[in-house]
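Accompanying notes for the structure given below.
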Protein chains: 2
Amino acid sequence: MARTQGSHSDITGPRIDAAALRLFAQFGFAAVSMRQIAGEVGVQAGALYNYTPDKQTLLFRLMRGHMEELLAARAARDAPEADPLDRLRDFVRFHIRFHLERPDEVFIAYMELRNLSEENFAAIEALRRRYEDGLEAILRQGVAAGRFTVPDPKIATLAVIAMLNGVNTWYRSGGRLTLAEVETIYWDMVRKAVAA
Amino acid sequence: MARTQGSHSDITGPRIDAAALRLFAQFGFAAVSMRQIAGEVGVQAGALYNYTPDKQTLLFRLMRGHMEELLAARAARDAPEADPLDRLRDFVRFHIRFHLERPDEVFIAYMELRNLSEENFAAIEALRRRYEDGLEAILRQGVAAGRFTVPDPKIATLAVIAMLNGVNTWYRSGGRLTLAEVETIYWDMVRKAVAA
DNA sequence: GTCTATAAAACGATAGAC
DNA sequence: GTCTATCGTTTTATAGAC
C-alpha cells in the first residue's frame, strides 16, 4: 500500500480530513496517532505536516468546518417572518436530519472539546452559541406571540437541543423506525413541551 | 511530596479512584497516564498495579461503581404503586439531582465507553439499560392509565433522559438558577411533553 | 509533496529490593 | 504495599534527500 513519491496536494488534504474524522470518532482524539491517520490515507506520518501544523489544529479544523456547515445550512432554511410553530417544526426536522447524516462530526464536536487549545475552544463555543441563539429566537418569538409557554427560553433551548442530540446515540438506518417517524415523534414531544 | 515506604492499602485505594476519576473527566482516559494518577495520589506509578491489573480495568471499576450507585439510589426511592405522575416527577427530580452531584462520574460514564473492552462495555450498557427500563415502566404505566400520551415509550424514555442529562453541561452551582428552579423548569417540560 | 530516518520524550506494565 | 529501575514500544514532530 506504500505510495510512491510525488505531489498529490489536491486529493491528499481531503483524504486526511476524512481519515482523521473517522478515526477520532471511533477511538477518540488522544487515542489516535498521526501514524494511524497517515496509514489510512496511504502516506507516511511526516507528510501530514504539509497539511496541518500539528495534531490539535487538525482536530480544530474538522470541528470548525462542521459548525460552519451547520450554521450555513440552517441560515439557508430559516424564515424569520414565518409562524413560530412552523419555524420550530422546521428546526426540529432540520436538526435531526442534519445531525443523523453526520454522526462522526457530531460525535467529535461534542466529545473532543477538551482537546482544543483555549482559543480554539472559544471559537467553537461561539459558533455553537450562534446556533443555539437561532432556536432561542424562535422560542422567544412564540412566547411573545402567546403561542408558546416557556418559563425560561434559554433553558428550553438547551433542553430541546439536548433531547434532539440524543437521537444520534441510538438511531440506526434500517432499524425499527424510519427517519420520518423519528422526526414526527420528536416534533410531537417538542411541540407539547413548549405549548401554551 | 515523595511518600516513604509502607503499607497504606485502606486509604490509597480510594485515593487512586478519586484521582483517576478527576483526571479522566478533565483530560480523557487516553490522555491521562498512570504516572499522572500516581503523582496526584503521592505514590509511584508501579504502586497502582497493586490496585488494578491494568488501566482499562480501573476505568471500568469507576464506571460500574457509578452505575450501581445510581441503580441502588433509584430503587430506594421509586414507589411502583404510586401515581404515574408522581413517579415521573420524582424521577425527573432524582435524575437531575443525582447527576448534578456527580459531574465527573457522569461525564466519564458517557464519554469513555469506547475505551472499555467488549465485555466490560456490555456490562455497563446492561446497567444503563436497567436504569432506562425504570423510566420506561413509569411511562407505560401512565399510558395504560390514560394519563400520558406517548407514541413510543422507548423513544420517549431516551428523549427524556437525554434532555435531563443536558443539565450537566451548563448548570453551575451559584449561577442564575437554583437547583430547585431547574428541577421545576425541567419537570414542567417533561410533564407537558408526555401529557395526555 | 512525500519519502526515510531520527530526535527526544512519554507510555503501560513488570521485576525485585525492602 | 511501595519503592527504584527498567524493558520494550510508541508518541509528536522535525531534518534533509529526492
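Here is the naming used below: chain letters follow the sequence lines, and residue numbers restart at 1 for every chain. Just the heavy atoms: all of them, side chains too, but no hydrogens, waters or symmetry mates, feed the values below.
Each of P53(A) and Q36(A) has a nearest nucleotide on DNA chain D; the 5'-most of these lies closest to Q36(A).
Note on the helix from dG1(C)-dC18(D) to dC18(C)-dG1(D): angle between the axes of the first and last five pairs equals 0°, rounded to 10 degrees.
Expressed to the nearest 0.5 Å, how far CG of L158(B) lies from CG of D152(B) amounts to 9.0 Å.
Closest approach to the D54(B) side chain among dG1(D), dA13(C), dT2(C) is made by dA13(C) (side chain taken as heavy atoms from C-beta onward). Ranking dT2(D), dA13(C), dA13(D) by closeness to the Y49(B) side chain, first place goes to dA13(C).
Dashed line: the shortest gap from a side-chain N or O of Q44(A) to OP1 or OP2 of dT4(C) is under 4.0 Å. S33(A) has a side-chain polar atom (N or O) that falls below the 4.0 Å cut-off from OP1 or OP2 of dT11(D). Neither OP1 nor OP2 of dG1(C) sits under 4.0 Å from any side-chain N or O of T12(A). Distances shorter than 4.0 Å separate some side-chain N or O of Y51(A) from OP1 or OP2 on dT2(C).
The NZ atom of K55(B) sits 13 Å away from the C1' atom of dT10(D) (whole-angstrom rounding). Q56(A) places its CD atom 17 Å from the C1' atom of dT11(D), with the value rounded to the nearest Å. We find that CZ of R15(A) is positioned 16 Å from P of dG1(C), with the value rounded to whole Å.
Looking at K192(A), its side chain never comes within 3.5 Å of a backbone N or O of W187(A) through a donor-acceptor pair.
Look at D188(A) and R191(A) and you find a salt bridge, because one of the NZ, NE, NH1 or NH2 atoms lies within 4.0 Å of a carboxylate O, short of that distance. Electrostatic pairing of R74(A) and D78(A) counts as a salt bridge here, judged by a charged N lying under 4.0 Å from a carboxylate O.
Under the 30°/60° scheme for interplanar angles, the aromatic rings of F94(A) and Y131(A) are found to be tilted.
For D83(A), the side chain to side chain donor-acceptor pair (under 3.5 Å) test picks out R147(A), with sequence neighbours left out.
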